[in-house]
Amino acid sequence: MLVNMKELLADAENGNYAVGSFSVANMEMVLGVLKAAKELNAPVILQIAEVRLKQSPLEVIGPLMVAAAKAASTPVAVHFDHGKTMEKISQALDIGFTSVMFDGSHLPLDENIKQTNEVIKKAKQYGAAVEAEIGCVGGSEDGSEDIAINCTKPEDAVRFEKETNVDALAIAIGNAHGNYKSTPKLRFDILEEVERITKTPLVLHGGTGITPDDFVRCSKTGIKKINIATATFDMVEKTVHDCYTENSIGGYYDLQAAEVEGAYRNAKRHILIFGTDNRAKC
């Protein structure tokens, strides 16, 4: 069933776990994630980032995501990730997304606060939740830019929370989008301080490559939403490649099944790590 992301994050805070937010690019990935959610009785978030709309137009993928969430047997929020423009954020809200992210992390803090509040005002008209970001998560969502990591300043998080009352806040603690060149060393000191002095549910971007132990530690230290994108795309590609290598694809529908299977395996693995299994409230 389609739900507001805010509900899922509140349950995660009460249960001391994190909800997986899985990026999708087609129907097969949506089906794979929801298959894992159903099997494990887990709440999940389906998301797509603005930078991915070149490959998956929002007017095509968006209604599919919303319809799939409505038909799901577990709670599913539909999230617009890394929104850069009010045009696309508004389009996602019109389609029925239950949360949107405004990514103003590249802006001065004052301007980030100002524009985030404009998005919050818009989202309230739809009853949707809003996520924002301060600090700078490394890399870019589509892997096209090598953006340096700029860790969040705890005092900025306090000010941002006070002046926006945003529903979820993505912070930078040494995490980065895409595949890491080496195992990341997360700044848990920053995370612990931000958790101590704020009340807003925190979000971890750049989940691919972070160790299971670090995921668990994050989920117990204020992180209530964890984004998984590259790991999904990589697992779908690997599963399809392996099936061709094993000569187990005899036609299009075998290919489709392999894509669903890849997304399913990846979502299942992360749901179990995040502790979201058997957390669905229907």
What heavy-atom pair brings Gly135 and Ser105 nearest, and what distance separates the two atoms?
O-CB, 3.0 Å
Any link between Ile197 and Leu191 through a network of hydrophobic side chains (Ile, Leu, Val, Met, Phe, Trp, Tyr) touching at under 4.5 Å?
no
Following the transitive rule for hydrophobic clusters with a side-chain heavy-atom cut-off under 4.5 Å over Ile, Leu, Val, Met, Phe, Trp and Tyr, establish whether Ile171 and Val130 coincide in one cluster.
yes
Applying side-chain contact (heavy atoms from CB on, under 4.5 Å), run through Phe215 and His270 and close with a yes or a no.
CA-CA 9 Å; Phe215 273 140; His270 286 94; 4.0 Å; yes
Side-chain donor/acceptor of Glu13 to backbone N/O of Lys224, under 3.5 Å
no
Of Glu50, His205, Arg52, which is the lone residue that meets side chain to side chain donor-acceptor pair (under 3.5 Å) with His82?
His205
Arg217/Glu192 salt bridge by N-O under 4.0 Å criterion
yes
Do you know the tightest heavy-atom contact between Ala128 and Asp167?
O-OD2, 4.4 Å
Distance only, no hydrogens: is a donor on one side chain within 3.5 Å (strictly under) of an acceptor on the other, for Asp156 and Thr152?
no
Do Gln47 and Met101 have side chains that get closer than 4.5 Å, going by heavy atoms?
no
Counting only heavy atoms not in Lys6, do more than 12 fall under 6.0 Å of its NZ?
no
Identify the heavy atoms of Leu2 and Gly96 that sit nearest to each other, and give their distance.
CD2-O, 4.1 Å
Tell me whether Lys225 is salt-bridged to Glu131, with the criterion being a basic N under 4.0 Å from an acidic carboxylate O.
yes
Over all heavy atoms of both residues, which pair between Gly127 and Asn4 is shortest? Give the atoms and the distance, please.
O-ND2, 2.7 Å
Could you walk me through whether Ile120 and Phe102 pass the side-chain contact (heavy atoms from CB on, under 4.5 Å) test, one step at a time?
CA-CA 9 Å; Ile120 290 172; Phe102 171 65; over 6 Å; no
Can you see which heavy atom on Phe233 is nearest to which on Val24, and at what distance?
CE2-C, 4.5 Å
Donor-acceptor pair, distance only, cut-off 3.5 Å: does the side chain of Asn112 make one with the backbone of Gly104?
yes
Would you say that Phe22 contacts Met29 through its side chain, given a criterion of any heavy-atom pair below 4.5 Å between the two side chains?
no
Does NE2 belonging to His106 count more than 12 external heavy atoms closer than 6.0 Å?
yes
So do Phe80 and Ile95 actually touch side chain to side chain, heavy atoms under 4.5 Å?
no
Is it true that Val33 and Tyr264 fall in one hydrophobic cluster, defined by side-chain heavy atoms closer than 4.5 Å?
no
Is it the case that atom NZ in Lys38 sees more than 12 heavy atoms from other parts of the structure closer than 6.0 Å?
no
Are Val203 and Phe160 joined in one hydrophobic group, where the rule is that I, L, V, M, F, W and Y side chains link up if heavy atoms are under 4.5 Å apart?
no
Given the rule that I, L, V, M, F, W and Y join up when any side-chain heavy atoms are under 4.5 Å apart, are Ile61 and Val260 in one cluster?
yes
Leu169 vs Thr198 side-chain heavy atoms within contact, under 4.5 Å:
no
Using a strict threshold of under 4.0 Å (side-chain N to carboxylate O), is an ion pair present between Glu261 and Arg265?
yes
From Asn14 CG over to Lys281 NZ, what is the distance, rounded to the nearest 0.5 angstrom?
6.5 Å
Could you tell me whether Lys153 atom NZ has more than 12 heavy atoms of other residues or ligands within 6.0 Å of it?
no
With side chains defined as the heavy atoms from C-beta onward, is the minimum distance between Ile273 and Pro212 less than 4.5 Å?
yes
Rounded to the nearest 0.5 angstrom, the CZ-CG distance for Arg279 and Asp11 is 9.5 Å
Criterion side-chain contact (heavy atoms from CB on, under 4.5 Å) on Phe274 and Val19, from CA distance to verdict
CA-CA 7 Å; Phe274 300 160; Val19 180; over 6 Å; no
Asp242 and Lys238 ion-paired at < 4.0 Å
yes
Rounded to the nearest 0.5 Å, how far apart are OG of Ser21 and CD1 of Ile226?
10.5 Å
A side-chain contact here means heavy atoms from C-beta on lying under 4.5 Å apart; do Leu53 and Ile48 qualify?
yes
Is there a side-chain contact between Asp214 and Phe188 in this structure, where contact means two heavy atoms from C-beta onward sitting under 4.5 Å apart?
yes
Would you say that more than 12 heavy atoms from the other residues, nucleotides or ligands in this model lie under 6.0 Å from the CG of Asn16, or not?
yes
Just do the side-chain contact (heavy atoms from CB on, under 4.5 Å) check on Asn266 and Asp234 with the steps written out, would you?
CA-CA 9 Å; Asn266 179 72; Asp234 287 352; over 6 Å; no
Checking the side chain of Ser248 only, and the main-chain atoms of Cys243 only, is there a donor and an acceptor separated by less than 3.5 Å?
yes
Heavy-atom distance under 4.5 Å between the side chains of Ile45 and Met5, does that happen here?
yes
Thr98 side-chain N/O to Val3 backbone N/O, donor-acceptor pair under 3.5 Å
yes
Indicate yes or no for a side-chain donor-acceptor contact from Thr74 to the backbone of Pro43 under 3.5 Å, with no hydrogens or angles considered.
no
Looking at Asn117 and Glu163, would you say the former's side chain and the latter's main chain have a donor-acceptor pair under 3.5 Å?
yes
Is it true that Tyr126 and Asp94 share a donor-acceptor pair across their side chains at a distance under 3.5 Å?
yes
May I ask you to decide whether Lys121 forms a salt bridge with Glu118, counting only side-chain N to carboxylate O separations under 4.0 Å?
no
